[in-house]
S.K.: 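Quick one: this structure, given as structure tokens, is what I'll be asking you about.
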Amino acid sequence: MEKFDSRYLEMAEVWAKNSYCKRRQVGALIVKDRMIISDGYNGTPSGFENICEDENGVTKPYVLHAEANAITKVAKSGNSSQGSTLYVTASPCLECSKLIIQSGIKRVVYRDEYRLTDGVDLLRRAGIEVEKVD
């Protein structure tokens, strides 16, 4: 574990509180050369109502995950996530793991285990360093 890992994870936890989602709030930070180059939390796309669940409490299919929000935000900014570290409060799902691989992120640090491990398994298979921090 690197010196600042727990601090950046704490910051991701604070950022998760911006989410309007009721079932689970997830926050993510992308850090490169000790600078936060992007952030994200789970929620609906820009311009949509800030309601993540339908009337039955089921997450709407178009809700973006925190990692996807952080990765697309860094792409918009003109920054490069090549060689960076992603800090996320929950382990990435399979779809987000594909984005992580393609964005050049080299390391993922997370706190909570997601019920499925296929995302983390894919990251490891791609040679990305994955670390769970309690």
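Quick note: residue numbers are just sequence positions, from 1.
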S.K.: Quick check: does any side chain N or O of Ser103 sit under 3.5 Å from a backbone N or O of Ser81, one acting as donor and the other as acceptor?
M.R.: no
S.K.: Ala28 and Glu67: which non-hydrogen atoms are nearest, and at how many Å?
M.R.: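 Of all heavy-atom pairs spanning Ala28 and Glu67, the closest is CB-N, 4.1 Å.
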S.K.: Quick check: closest heavy atoms across Ile37 and Ser80, and the distance to 0.1 Å?
M.R.: CD1-O, 3.5 Å
S.K.: Look at the side chain of Lys32 and the backbone N and O of Gln82, then say whether any donor-acceptor pair between them is shorter than 3.5 Å.
M.R.: yes
S.K.: Does the distance from a Lys or Arg side-chain N to an Asp or Glu carboxylate O, for Asp118 and Arg125, drop under 4.0 Å?
M.R.: no
S.K.: Looking only at heavy atoms, which two atoms of Phe4 and Arg34 are closest? And how far apart?
M.R.: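 The answer is CE1-NE, 3.0 Å.
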S.K.: Between Met11 and Leu29, which heavy-atom pair has the shortest distance, and what is it?
M.R.: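 So the two residues come closest at CB-CD1, 3.6 Å.
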S.K.: Hey, is NZ on Lys132 packed in by over 12 heavy atoms from elsewhere, all under 6.0 Å?
M.R.: yes
S.K.: Quick test of your reading: applying disulfide bond (SG atoms under 2.5 Å apart), list the pairs with at least one residue in residues 52-108, sequence neighbours left out, ordered by first then second residue.
M.R.: Cys21-Cys52
S.K.: Donor-acceptor check, side chain of Asn56 to backbone of Val58, threshold 3.5 angstrom: yes or no?
M.R.: no
S.K.: Counting C-beta onward and ignoring hydrogens, is there a side-chain heavy-atom pair between Leu123 and Glu129 closer than 4.5 Å?
M.R.: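 Not in contact.
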S.K.: Rounded at 0.5 Å granularity, tell me how far OG1 in Thr117 sits from CZ in Arg124.
M.R.: 9.0 Å
S.K.: One pair to check against side chain to side chain contact (heavy atoms under 4.5 Å, CB included): Val63 and Lys60. What are the steps and the verdict?
M.R.: CA-CA 6 Å; Val63 166; Lys60 293 176 180 175; 4.1 Å; yes
S.K.: Using only atom types and a distance under 3.5 Å, with no angle test, would you say the side chain of Ser91 pairs donor to acceptor with the backbone of Tyr114?
M.R.: yes
S.K.: Are any non-hydrogen side-chain atoms of Val88 and Val26 less than 4.5 angstrom apart?
M.R.: yes
S.K.: For Arg23 and Thr59, work out which heavy atoms get closest and say how close.
M.R.: NH1-OG1, 3.0 Å
S.K.: Measuring from Thr44:OG1 to Glu49:CD, what's the distance to the nearest 0.5 Å?
M.R.: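 Rounded to the nearest 0.5 Å, the OG1-CD separation comes out at 5.5 Å.
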S.K.: I'd like to know if the side chain of Glu53 and the backbone of Lys22 have a donor-acceptor N/O pair within less than 3.5 Å.
M.R.: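 Checked: pair present.
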S.K.: Between Tyr110 and Val120, which heavy-atom pair has the shortest distance, and what is it?
M.R.: CE2-CG2, 4.2 Å
S.K.: Does either side chain, that of Tyr41 or that of Asn69, offer a donor lying less than 3.5 Å from an acceptor on the other one?
M.R.: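 Per modelled atom types, Tyr41 and Asn69 side chains form no pair under 3.5 Å.
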S.K.: Any chance CD of Glu10 has more than 12 other-residue heavy atoms, nucleotides or ligands included, within less than 6.0 Å?
M.R.: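 Result for CD/Glu10: enclosed.
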